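Every number for a ligand or one of its atoms is a count from 1 in the order of the listing. Owing to the predicted nature of the structure, the values given are computational and were not obtained by experimental measurement. Residues: numbered from 1 along the sequence shown.
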Amino acid sequence: MEFLNGLQPSHDLTYNDVFMVPRRSDVVSRFDVDLATADGTGTTLPLVVSNMTAISGRRMAETIARRGGIAIIPQDIPIDVVASTVRRVKAAHTIYDTPVTVPSSMTVGEALSLIPKRAHGAAVVVDDGKPLGVVTERDGAEVDRFAQVHEVMDTDMFTLDAGLEPRAYFEALASQHRPLAPVLDGDSLVGVVTRKGALRSSIYTPATDPDGHLVIGAAVGINGDVRAKARALLESGIDVIVVDTAHGHQVKMADALPVVREERDAFETRSGRRIPIAAGNIVSADGTLELVEAGADIVKVGVGPGAMCTTRMMTGVGRPQFSAVLECAAAARSVGAHVWADGGVRYPRDVALALAGGAASVMIGSWFAGTHESPGDLKFGPDGRPYKESFGMASSRAVANRTRDAAGFEKARMALFEEGISTSRMFLDPENPGVEDLVDQITAGVRSSFTYAGARSLPEFADRAVVGLQSSAGYDEGRPLHASW
Ligand SMILES: NC(=O)C1=CN([C@@H]2O[C@H](COP(=O)(O)OP(=O)(O)OC[C@H]3O[C@@H](n4cnc5c(N)ncnc54)[C@H](OP(=O)(O)O)[C@@H]3O)[C@@H](O)[C@H]2O)C=CC1
Ligand SMILES: Nc1nc2c(ncn2[C@@H]2O[C@H](COP(=O)(O)O)[C@@H](O)[C@H]2O)c(=O)[nH]1
Ligand SMILES: [K+]
């Protein structure tokens, strides 16, 4: 990346401070862009879902990996729960959506609470392994919530066979005027296909491990028995291990990383698979080099940009994210390592700018909180708008959860330090209520960005991007106008 007109910025910059200028391009189609990352995680899109309890769980993990990204399960989740999450993600189909299945005797009320767990808006009714019908929100809307599913389900089953090409699924659904269909392999239900899903599987490549299963990562903190936790996580079958703390450039991190590296190397000897280690967070070249030296393959960059994060207001500490990414990515590159740009991403442009700054992948938390796939229950505001609750991992809510086994006195001491928001309502966008809708927007924006720069791949983009500085009026000029002046 170079600054426009050779400018050397006199102060640190964040995403809103900068813009990219187009340059002559021989990339003639946005489909010619390859967004695969080289950070060793197997992702085909440079997107990582933040290790936050309100955002990253099983549904998020399988959905994002199916489209090429990866989700990181937070450090606060008990290891047996992480292991079962990993098992279920690895068992999920790489092409078809996982169906919500309900027995025919389930109440409509219960079924309606399960349907929003998937963006496709329907549950498949299954008795004794045999699919009998489909029930949607609309089917359940007008009836008593204690009615049973078999009374309202659509039994005029339209199913499709597994193994067809995406176009065939799309056309079959379109010609039958169906939004979705259960997919059967022989008699058994293997998934659900929607028109959009079929379209997406022709555009995205799932992120898979060497055995062809969807990828997933998990985080470990720097306190407690780091060795045992790291070993258990590796044994659970994760594809990247994230060593996570607010202030990554500290002695405890420098002590924890060699331990995690030893466990990783031992796991490689046992299994033949080398699992990358990500660690953070830091915002300086020094911090990057020290973490890489201590064992990190990937360094997580970002102190204070996160939407749930109060660190900068509480402490005055942090660094505008674009400059932090730029400096850390250059340092990482000089020693053959990678960075993830973590936090503060609200628009596709921010993802593009992080990649221009040299990030191998971009971590997104809050933006993905308001989707069907985030773990929380769907709630409704006074105006009926659906939302999910989100909270920071350094909020009193998260700290209370993380320290649940500590003695009362210790708990109270730790609760003194709070650097995150405990409740925030993240509304679902009615047009884009699923995380895949957001991924569609991001990849459309980023692919287009690459063609403006004349780049076909991430390294080419980081090399060719020309970045200028703008005032807030410049930023404002770029915003769309949804009503008249
Ligand atoms: N990217 C960001 O800007 C930030 C992210 N977070 C996220 O919040 C979660 C919790 O992280 P964390 O608070 O580190 O909790 P951890 O449970 O990982 O504990 C952090 C350890 O580091 C010590 N420590 C020393 N200085 C600091 C400091 N300035 N801030 C925090 N800990 C410090 C703490 O000791 P002691 O308690 O005795 O001081 C404690 O032993 C993580 O998921 C992290 O990524 C949190 C804040 C900022
Ligand atoms: N200072 C804090 N940072 C936090 C907290 N919880 C998460 N985070 C960081 O934010 C990013 C996600 O950023 P977003 O803008 O996409 O939401 C996450 O990966 C963490 O690094 C917190 O409580 N305090
Ligand atoms: K912030």
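Ala453 and Arg464 make their closest contact through O-NE, 2.7 Å (heavy atoms, listed as atom of the first residue, atom of the second, distance). Here the shortest heavy-atom pairing between Pro46 and Leu35 reads CD-O, 3.3 Å.
For atom 36 (P) of ligand 1, no protein heavy-atom neighbour is present inside the 4.0 Å cut-off. By the definition of a contact as any protein heavy atom under 4.0 Å away, atom 32 (N) of ligand 1 is not in contact.
Close approach of ligand 1 to Ala394 is summarised as follows: ligand atoms under 4.0 Å from at least one heavy atom of the residue are 8 (O), 46 (C). Atom numbering of ligand 1 starts at 1 in the shown order; those under 4.0 Å from a heavy atom of Asn223 are 19 (O), 21 (C), 40 (C), 41 (O). Within the listing of ligand 1, atoms 3 (O) sit less than 4.0 angstrom from a heavy atom of Val303. Less than 4.0 angstrom separates some heavy atom of Thr311 from each of these atoms of ligand 1: 47 (C), 48 (C). Taking every non-hydrogen atom of Met393 and a distance limit under 4.0 Å, the qualifying atoms of ligand 1 come out as 8 (O), 9 (C), 10 (C), 43 (O).
Protein-derived N/O/S atoms nearer than 3.4 Å to the K ion (ligand 3) total 3, waters excluded.
Counting only heavy atoms of the protein, atom 44 (C) of ligand 1 lies nearest to Asp244 OD1, 3.5 Å. For atom 30 (N) of ligand 1, the nearest protein heavy atom (residue, atom name, distance) is Ala246 CB, 4.1 Å. Scanning the protein heavy atoms around atom 29 (N) of ligand 1, the nearest turns out to be His247 CB, 4.3 Å.
Proximity annotation for atom 16 (P) of ligand 1: of Val242, Thr245, Ile282, Thr245 comes nearest, heavy atoms only. Considering each of Ala219, Gly304, Gly344, the one bringing a non-hydrogen atom nearest atom 3 (O) of ligand 1 is Gly304. In this structure, of Met308, Gln321, Gln250, Met363, the residue bringing a heavy atom nearest to atom 25 (C) of ligand 1 is Gln250. With Gly302, Ala256, Gly248 as candidates, the residue nearest to atom 1 (N) of ligand 1 on a non-hydrogen basis is Gly302.
A donor-acceptor contact closer than 3.5 angstrom is absent between the side chains of Ser284 and Asp286. Judged purely by distance below 3.5 Å, without hydrogens or angles, the side chains of Thr451 and Ser25 never pair a donor atom with an acceptor atom. Side-chain contact of Glu419 with Thr311: a donor-acceptor pair under 3.5 Å is present, judged by distance alone. With 3.5 Å as the limit, one finds no donor-acceptor pair spanning the side chains of Ser366 and Ser390.
More than 12 heavy atoms of other residues, nucleotides or ligands lie within 6.0 Å of CD in Glu410, so this atom counts as buried by the packing criterion.
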Check step by step if side chain to side chain donor-acceptor pair (under 3.5 Å) holds for Asn16 and Thr14.
-> CA-CA 6 Å; Asn16 287 9; Thr14 194; over 6 Å; no
May I have the step-by-step check of side-chain contact (heavy atoms from CB on, under 4.5 Å) for Thr53 and Arg397, ending in yes or no?
-> CA-CA 11 Å; Thr53 319; Arg397 178 168 172 177; over 6 Å; no
Quick one: do Arg66 and Glu436 satisfy salt bridge (charged side-chain N to carboxylate O under 4.0 Å, His left out)? Show the steps, please.
-> CA-CA 10 Å; Arg66 204 173 273 131; Glu436 291 169 292; 5.7 Å; no
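Under a 4.0 Å heavy-atom criterion, Arg402 is in contact with ligand 1. Taking 4.0 Å as the cut-off, Met414 does not count as a neighbour of ligand 1 on heavy-atom distance. Residue contact check for ligand 1: Gly221 places no non-hydrogen atom closer than 4.0 Å to it.
Within the 4.5 Å cutoff, side-chain heavy atoms of Glu137 are placed close to those of Leu112. Using a 4.5 Å heavy-atom cutoff, the side chains of Asp377 and Lys117 are in contact.
Residue contacts with ligand 1: Lys252 is placed with a nitrogen or oxygen under 3.5 Å of a nitrogen or oxygen of the ligand (distance criterion only).
Taken to the nearest 0.5 Å, the CD1 atom of Ile222 stands 8.5 Å off from the CD atom of Gln75.
Classification of the Phe3-Phe322 ring pair by plane angle, with boundaries at 30° and 60°, yields perpendicular.
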Between ligand 2 and the protein, which N/O pairs fall short of 3.5 Å?
unit_1: ligand 2; atom_1: 1 (N); unit_2: Thr311; atom_2: OG1; d: 2.7
unit_1: ligand 2; atom_1: 1 (N); unit_2: Glu419; atom_2: O; d: 3.3
unit_1: ligand 2; atom_1: 6 (N); unit_2: Met393; atom_2: N; d: 2.8
unit_1: ligand 2; atom_1: 15 (O); unit_2: Ala307; atom_2: N; d: 2.9
unit_1: ligand 2; atom_1: 15 (O); unit_2: Gly344; atom_2: N; d: 2.9
unit_1: ligand 2; atom_1: 16 (O); unit_2: Gly365; atom_2: N; d: 2.7
unit_1: ligand 2; atom_1: 16 (O); unit_2: Ser366; atom_2: N; d: 3.4
unit_1: ligand 2; atom_1: 17 (O); unit_2: Ser366; atom_2: N; d: 2.9
unit_1: ligand 2; atom_1: 17 (O); unit_2: Ser366; atom_2: OG; d: 2.5
unit_1: ligand 2; atom_1: 19 (O); unit_2: Ser50; atom_2: OG; d: 2.8
unit_1: ligand 2; atom_1: 19 (O); unit_2: Asp342; atom_2: OD1; d: 2.5
unit_1: ligand 2; atom_1: 19 (O); unit_2: Asp342; atom_2: OD2; d: 3.1
unit_1: ligand 2; atom_1: 21 (O); unit_2: Asp342; atom_2: OD1; d: 3.4
unit_1: ligand 2; atom_1: 21 (O); unit_2: Asp342; atom_2: OD2; d: 2.6
unit_1: ligand 2; atom_1: 23 (O); unit_2: Met393; atom_2: N; d: 2.9
unit_1: ligand 2; atom_1: 23 (O); unit_2: Ala394; atom_2: N; d: 2.6
unit_1: ligand 2; atom_1: 24 (N); unit_2: Glu419; atom_2: O; d: 2.6

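Only the side chain of Asn281 comes within 4.0 Å of ligand 1, counting heavy atoms alone; its backbone N, CA, C and O stay farther away.
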